[in-house]
Amino acid sequence: MSHEQHTATVRVGSNIAFIKYWGVADARINLPLNNSISMTLAEAHTTTTVTWDASGQQQTDEITLDGRRLDANAAQRLVAHLDRLRALAGVDYRATVVSKNNFPMASGIASSASGFAALTVAGCRALGLDLDATRLSAMARRGSGSASRSLFGGFVEWEKGIDDATSVARQLYTEEHWALYDVVAVVSRAAKHVSSASGHTLAATSPLNGCRIASLDAALREVRQAITLRDISQLGPVIEQDALAMHGVMMTSHPSLLYWQPETLAIMQAARAWREQDGLAAYFTIDAGPNVHLICEQESVDALVERLDTLPGVQRIIVSPPGPGPQGIEN
Ligand code: PMV
């Protein structure tokens, strides 16, 4: 294999879940408790280059994230993922990984989703492994559950599955289907205290977890139908309810996880007031962090951004329509 074939660069969009993944059925291989549905984002993405050293000279994996070289401790989860790729290819090459996000990391925009998906796709390509999107989705899931969904563009459902091979995402509709927007109000750039990776194992300690899971089949049906019909008034209330249900589980687990900041609640209440008083059809959802994602149609984006700009504590606004699946970039 020539040197060129040992390197690959890939850009992958993050995704925002409408029905959330929260809680694991099998932590060892990241099998979730429930199916989840998301939209892949065009404007929040990770670009990752993986270069494998086939000469055997390189002693350790070298990983640079947003310009910062990770020490052994910080690199652990990524090295474990590189180990999975090495095992799959049957090689023991070390890798150089350079990864860049165009959005703040670890603050409720899923850098782990685009990050692990990009690492999986670039890593496999650079090894010459020819895996289809479904197998790549299963591989990415092992790094971070939500990464399984970023293997596809547009609107995506991750089937919880029963084993490593069946717990994979599939595309419901391409990004052309519906010009739905995620308007992210960034209130904090600080990294979160408890990562979602450790939070998933706590879900089962909440007395509310079983109730949420039991209600999800109906919610998943509603969300699929709302996307099919491009009906924001059907989609909105369901996604708000599941975000609140997930945060209810987080808040009532042992130990309790409280990701919201005062600004988080202020934006949630403002969104409801704008909707009820002014008919602005935007609905919130929140991941494992304090930032608020407002979901709306294209026609509402300008009015929404204008209003968010007037709220104290909103540091940055990211506006994204649905985006494509992984894009290879020529080196
Ligand atoms: O993929 P993880 O382990 O970072 O979990 C993602 C969890 C949420 O973002 C809160 C929900 C989701 O489905 O994206």
Side-chain angles (χ1 to χ4, degrees), residues 12-41 44 46 76-78 80-81 101 103-120 137-152 155-161 167-169 172 182 184 191-204 206 209 212-213 216 219-220 223 238-251 253 257-260 264 284-293 295 320 322:
V12 178
S14 179
N15 67 74
I16 180 66
F18 296 155
I19 296 294
K20 306 294 189 186
Y21 151 48
W22 195 249
V24 277
D26 184 342
R28 204 177 39 88
I29 57 169
N30 265 358
L31 281 193
L33 287 175
N34 62 278
N35 285 26
S36 52
I37 296 180
S38 61
M39 178 173 97
T40 298
L41 301 176
T46 303
Q76 223 173 27
R77 222 177 128 195
L78 297 165
H81 200 60
N101 294 307
F103 56 93
M105 269 205 302
S107 55
I109 301 174
S111 61
S112 64
S114 50
F116 276 98
L119 183 65
T120 304
S137 172
M139 278 307 285
R141 186 198 79 241
R142 300 286 302 274
S144 170
S146 57
S148 68
R149 299 186 306 243
S150 275
L151 260 296
F152 298 90
F155 301 86
V156 180
E157 178 159 358
W158 169 20
E159 301 278 348
K160 64 181 177 192
S167 187
V168 293
L172 299 173
D182 181 9
V184 194
K192 52 197 171 193
H193 299 301
V194 180
S195 72
S196 43
S198 41
H200 288 296
T201 59
L202 297 180
S206 163
N209 188 50
R212 172 174 176 261
I213 298 297
L216 280 182
L220 286 158
V223 166
V238 190
I239 72 174
E240 279 197 359
Q241 212 238 356
D242 188 50
L244 292 169
M246 178 184 75
H247 281 272
V249 169
M250 291 164 159
M251 290 175 195
S253 63
L257 304 177
L258 190 49
Y259 289 108
W260 297 354
T264 312
F284 62 75
T285 183
I286 304 164
D287 282 343
N291 299 330
V292 182
H293 297 249
I295 306 300
S320 182

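Counting starts at 1 for both ligands and their atoms, following the listed order. Just so it is clear, the values below take in all heavy atoms, side chains as well, and ignore hydrogens, waters and symmetry mates.
Within ligand 1, counting atoms from 1 as listed, the ones closer than 4.0 Å to a heavy atom of A17 are 12 (C), 13 (O), 14 (O). Per-residue contacts place G145 under 4.0 angstrom from the following atoms of ligand 1 (heavy atoms of the residue considered): 1 (O). Listed by number with element, the atoms of ligand 1 under 4.0 angstrom from any heavy atom of A288 are 10 (C).
Scanning all heavy atoms of the two residues, the minimum distance from A140 to T120 falls at CA-OG1, 3.5 Å. Nearest approach of S144 to S112, heavy atoms of both residues: OG-OG, 3.2 Å.
Considering backbone and side-chain atoms together, R149 places an N or O closer than 3.5 Å to an N or O of ligand 1. Residue contacts with ligand 1: H200 is placed with a nitrogen or oxygen under 3.5 Å of a nitrogen or oxygen of the ligand (distance criterion only).
A donor-acceptor pair under 3.5 Å is formed between the side chain of S137 and the backbone N or O of S148. Proximity of a side-chain donor or acceptor of S14 to a complementary backbone N or O of L41 within less than 3.5 Å is not detected. The closest donor-acceptor contact from the side chain of D26 to the backbone of R28 lies under 3.5 Å.
The side-chain contact (heavy atoms from CB on, under 4.5 Å) search around A25 returns L31, L33, not counting sequence neighbours.
Ligand 1 does not have S36 within reach: every non-hydrogen atom of the residue lies 4.0 Å or more from it. The closest approach between A113 and ligand 1 stays at or above 4.0 Å for every heavy atom of the residue.
Closest heavy-atom approach to atom 6 (C) of ligand 1 among the candidates S146, S148, G115, G199: S146.
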